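Please read the structure below before turning to the comments.
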Amino acid sequence: MTAPRPTLALLDGYSLAYRAFFALPEDLRTTTGQVTNAAYGFTSMVIKLLDEHPPEALAAVFDKGRPAERTELLPEYKANRKKSPDEFKSQLPLIDEVLEAMGIPRVDLEGQEADDLIASYAETAKADGWDVLVVTGDRDLFQLVDEGDGEHGAVRVLYTRRGISDTIVMDTAAVEDKYGVPPTSYPMLAALRGDPSDNIPGVPGVGDKTASKLLAAHGTLEGIYDNIEQIRGKKVPAMLLEHRDAVMASRIVTTVNRQLPLPRPVEDFRRGEIDAPAVQRLFATLEFRSLWDRLNETVLGAQAEEAAGGFDNEPHRGDTGEIAAWLGKVPGGQPVAVVPTTAGSLPAVEAVAIALAASGADPITARTEVLGEDDRVAVQRLLSGTDDHPLWVHDGKKLHHFARAAGFDEPTEPMIDTEVWAYVLQPSARTYALDKLALEYLSKHLATEEEVQRAGEESGQLGMFETEQDTAWRARAFEAQALFELAEVLDAEVTQRGQADLIRRIELPLIAGLADLERAGITVDGRVLAELGADLEDKVADARSRALVAVEGDERDLEDFQDLGFLDSPKKLQSLLFEHLGLKKTKKIKTGWSTDAAELRKIVEEHPVIQAILDYREYSKLKGTYIDPLLAMVGADRTRRVHAEFNQTVAVTGRLSSQNPNLQNIPIRTELGRQIRRAFVPGEGYDTLVVADYSQIELRVMAHLSGDEGLLDAFGSGEDIHAATAAKVFGVDVADVDNTQRSKIKGMTYGLAYGLSSFGLAQQLSIGRDEAQELMDAYFERFPGVRSYLYGGVEEARRSGYTETLTGRRRYLPDLMSENRQRRAMAERMALNAPIQGTAADIMKIAMNDVRAAMATADWAGDPAPQLLLQVHDELVCEATTADHDQLRDLLVDTMSGVIELAVPLEVDWASGPSWAEAEKH
DNA sequence: GATTCCACGTA
DNA sequence: CGTACGTGGAATCG
């Protein structure tokens, strides 16, 4: 096998730019009014090329005049081309700038068209052993396509069929398949068939099909005319003869010149690195945001990985006994990085393999099934910490599930968890995958499984790693090595930032607690769900038929809506309500007018279909989002434990999140929705669910952080907080506060912590904007510390670049400096809210750690012992036997209220009962 | 099949 | 023109 040839890609500059110009709308322009559609489309095609067919060399070729011979031979050649519009010409300098920034040479030759120069480059390059890829929207260049042979490279055409993204690579087979002739015959085909875009006349009555047949039968134009008497029919031969001169001239015009002198050698076109900052600046000016993202994720990402070295260790596949031997060689006190591999999902997790890395040794991976007795002892000692090796992990929760599945005891607390560490360092990142972290913090490329496989094959060193599965484990060993090298770097960064305490006191101990929650799950009664589901099915059907009646009763032409598609489609609903029925539009959204419940309620009087839609939405949401998926997990005839995942590294503020299913958004606000909570019950052996929640925790945090004396006083009074606040705002006695006053103040107090505006407050309370503003003014006058805290905090964040919670958890908000008013305002609201929501999250996390510890050491009367099941931001849900009920309740209330000393008391409410719905305070 | 938008459930 | 999430359906993209 010979080495693959390098590829030279040649961009047909005008052809591509022109194609983009007509394919994309002219309203694609910068805020200054410069039209950018051609430059945008051209750049998009270049990025696509670099991503999908990365060439070793690349140049963009342009016309510079037109050879006189062509016009002489065929005066009408390209005569129908309109002078290019100003909107197009003004973009040519932009395209030049793009080429320069991306390091793509631009070539042209005086008095020559790009076609001929491309052909000449292709001819020379293939003779020099290059493969050539011509990128164009011009079919004429199909004539260059060439298979290549031992000496010469191949020539292919990347042709943009339609628009800018529909491309196809044409090789010899593709050309022959499409036109029935070899590529070299294409000019003859074009001469016969004609080409309206170049104003080549062609022979009337001869299209692609006939031209192809004629050439297939007779080989050349000369062949056709020599045998003209053999051609069937009257019209075709007559027309051929009549247009003989034009056909012959067209062939010459269509045939490209492959012999032009080359202005620069091909070697000049070899790709270098893209100057990323220069491209970023240019794209920012041109407002090519999405293109920058695309370039970054594909080409620049690959460029960075290319530049990065890899991990050069030689992993071992551990056979029986080798894990024990490997661990035996790691000196005491030295940390060991552990990467578990599991399969399946809770509760049926399987332990597949374990990978280890440590200082001074090559990493090792072993399948759990080959672990011998010695290995198991060694791994058990490692996981439990008795062998004096600090554990370094990535996603420690997974290690807990692995240990349980493999039959090991519960792992000890890891010393470092790189995923959690990275989350604390950059909470807004989308993922914390090891490869991404390795590139960012170590400038090393972590090979994918495919790359490991390929490297093994190429070096012929597969050896013990012959199978695909072996490749996977080899990749795991590299991950362990990456983790090992990352841990120290991340830990130093965390310490340097002063976040070691946050991480050791809060995040690290939480890992085991979350693993417990996930393993425990919560018992769901499918019979209750099935009953509710049947009921909801009737209600959904009823709402549907009411909607049908409502639109049928309308006089207008509603044929399109008789299928009720609008019930599940906001887009169709907009069309029905605002176009056909002409109802009042209330709130703008990106794609038109909002149809969300709050807006629909404002126009519910205008048409009977609105109420039906609101009902349909409510019922189908409950059934489709909660009942049906849970039923699918549980079964309609039994109870079963459902195991959600609790994510520790998702929410930017420091909260947890829950998924598969999300058990943090089970309905409670409406009576019907609340019924779903009847299906959440104590598990086998347990009698009751015990729920404890923080009362108004975010408000208390705000009072503490702001230190506002009025608010502290209101909390200290022991009165109802909203009534007490209202009394101060309205200057009346607490006893004289009426319900309207209380609810207005309640709405505002909660809204404040979200960055509520007077406009938003007016919306929410259905009051005038003036009244809302007066309310806010009165509030801030009475509680000046709240205002200075909220807005002072935003300014501090603008200076430092981040917000901070009570424990030092940060959130970075670069948009606080944005030039864009909307983005900046959004960032300001985030900055306002993040310390409050985040501090509340910190408090709850500490509570979870403390509760878990207290529950573990408590002396329980009942059996089984109570366990924690859920965390819902300010609430913990446990299950217990009757015997343990009171003790657990007291433990929860005492522990939760005692986690931290704030300037206001942390109040904890509790409730319990035979289901989550029936958990009431006794 | 993957991604985006809208809507909506919770704190 | 109020923060933080996850999920489901439709529409859209490639």
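It should be emphasised that the depicted structure is a prediction, and the values quoted were computed from it without experimental measurement. Quick note on labels: first sequence line is chain A, next is B, and so on, each numbered from 1.
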Next on the checklist: Can you tell me whether the side chain of A:Gln664 and the base of C:dG6 have a donor-acceptor pair closer than 3.5 Å?
Outcome noted: no
Item to check | Pair A:Asp720 + A:Arg742: basic N to acidic O under 4.0 Å | outcome: yes
Item to check | Residue-phosphate contact under 4.0 Å: A:Lys571 side-chain N/O, C:dT12 OP1/OP2 | outcome: yes
Checklist entry - For A:Met776 and C:dC1, what is the distance between atoms CE and P respectively, to the nearest whole Å? => result 16 Å
Next on the checklist: What's the closest nucleotide to the side chain of A:Tyr750 if the choices are C:dG2, C:dC5, C:dG8?
Outcome noted: C:dG2
Item to check | A:Thr625 vs C:dG8: side-chain N/O to OP1/OP2 distance below 4.0 Å | outcome: no
Next on the checklist: In this structure, how many angstroms lie between the C1' atom of B:dG9 and the CH2 atom of A:Trp916, rounded?
Outcome noted: 12 Å
Checklist outcome for this item: Closest to the side chain of A:Lys621, out of B:dT10, C:dC5, C:dT7, is C:dT7
Checklist entry - When you compare C:dC1 with B:dC5, how far apart are their P atoms, in angstrom units rounded to a whole number? => result 16 Å
Checklist entry - What's the spacing between A:Asn660 CG and A:Glu645 CD if we round to 0.5 Å? => result 5.0 Å
Checklist entry - Side-chain N or O of A:Arg811 less than 4.0 angstrom from OP1 or OP2 on C:dA4? => result yes
Checklist outcome for this item: Side-chain contact check for A:Gln659: nearest option of B:dC5, C:dT7, B:dA7 is C:dT7
Next on the checklist: Please pick, from C:dT3, C:dG9, B:dA7, the nucleotide with the shortest atom-to-atom distance to any side-chain atom of A:Asn833.
Outcome noted: C:dT3
Checklist entry - Of all the choices, C:dA10, C:dG6, B:dC6, which nucleotide is nearest to the side chain of A:Ser569 once you look at every atom? => result C:dA10
Item to check | Value in whole Å for how far the P atom of C:dC5 lies from CG of A:Asp874 | outcome: 17 Å
Checklist entry - When we call it a touch if two heavy atoms are under 4.0 Å apart, what does A:Met826 touch: a base, just sugar-phosphate, or nothing? => result sugar-phosphate
Checklist entry - Side-chain N or O of A:Lys48 less than 4.0 angstrom from OP1 or OP2 on C:dG14? => result no
Checklist entry - Any ion pair linking A:Glu698 and A:Arg655 (charged N to carboxylate O, less than 4.0 Å)? => result yes
Checklist entry - With a 4.0 Å cut-off on heavy atoms, is A:Gly624 in touch with a base, just the backbone sugar-phosphate, or nothing at all? => result sugar-phosphate
Next on the checklist: Nearest whole Å is fine: how far is C:dG2 C1' from A:Leu790 CG?
Outcome noted: 12 Å
Next on the checklist: Rounded to whole Å, how long is the line connecting atom CG of A:Leu622 with atom C1' of B:dA7?
Outcome noted: 13 Å
Checklist entry - Of the nucleotides B:dC5, C:dA4, B:dT10, which one has an atom closest to the side chain of A:Asn665? => result B:dT10
Next on the checklist: Can you identify which nucleotide, out of B:dA7, C:dT3, C:dC5, has its nearest atom closest to the A:Val650 side chain?
Outcome noted: C:dC5
Checklist entry - With sugar-phosphate meaning primed atoms plus P, OP1 and OP2, does A:Glu698 contact a base, only sugar-phosphate, or nothing at under 4.0 Å between heavy atoms? => result nothing
Item to check | N/O (side chain, A:Thr595) to phosphate O (OP1/OP2, B:dC6) under 4.0 Å | outcome: no
Checklist entry - What's the CD1-P distance between A:Ile666 and C:dG6, to the nearest Å? => result 14 Å
Item to check | Of the listed nucleotides B:dG9, B:dC6, C:dG2, the one nearest the side chain of A:Leu756 | outcome: C:dG2
Item to check | Closest listed nucleotide, where the reference is the side chain of A:Ile668 and the choices are B:dT10, C:dC5, C:dG6 | outcome: B:dT10
Item to check | Residues forming a side chain to side chain donor-acceptor pair (under 3.5 Å) with A:Glu828, sequence neighbours excluded | outcome: A:Arg798
Checklist entry - How far apart are the C-alpha atoms of A:Tyr432 and A:Asp395, what are their side-chain angles, what is the distance that settles it, and do they pass the side-chain hydrogen bond (donor to acceptor under 3.5 Å, both in side chains) test? => result CA-CA 10 Å; A:Tyr432 304 97; A:Asp395 186 0; over 6 Å; no
Next on the checklist: Let's see if you can work this out: which of C:dA4, B:dC6, C:dA10 has an atom nearest to the side-chain heavy atoms of A:Asp568?
Outcome noted: C:dA10
Checklist entry - With respect to the phosphate group of C:dG8, does any side-chain polar atom (N or O) of A:Asn662 fall under 4.0 Å of OP1 or OP2? => result no
Next on the checklist: Between P on C:dG2 and CD on A:Gln822, what's the gap in Å once rounded to a whole number?
Outcome noted: 11 Å
Item to check | Residue pair A:Phe783, A:Tyr779: steps toward the ring pair (Phe, Tyr, Trp, His ring centres under 6.0 Å) verdict | outcome: CA-CA 6 Å; A:Phe783 303 106; A:Tyr779 184 97; 4.7 Å; yes
Checklist entry - Taking the six-membered ring for Trp, are A:Phe680 and A:Trp916 parallel (under 30°), tilted (30 to 60°) or perpendicular (over 60°)? => result perpendicular
Checklist entry - If you look at every strand shown and take non-hydrogen atoms under 4.0 Å, does A:Ser620 touch a base, only sugar-phosphate, or nothing? => result nothing
Checklist entry - Quick one: is A:Arg669 getting a side-chain N or O under 4.0 Å of the B:dT10 phosphate, OP1 or OP2? => result yes
Checklist entry - In whole angstroms, how far is the P atom of B:dA11 from the CD1 atom of A:Ile697? => result 14 Å
Checklist entry - Within less than 4.0 Å of OP1 or OP2 of C:dA4, is there a side-chain N or O belonging to A:Arg655? => result no
Next on the checklist: Need one value for A:Ala597: base, sugar-phosphate or nothing, where a base atom within 4.0 Å counts as base even if backbone is also close, heavy atoms only.
Outcome noted: sugar-phosphate
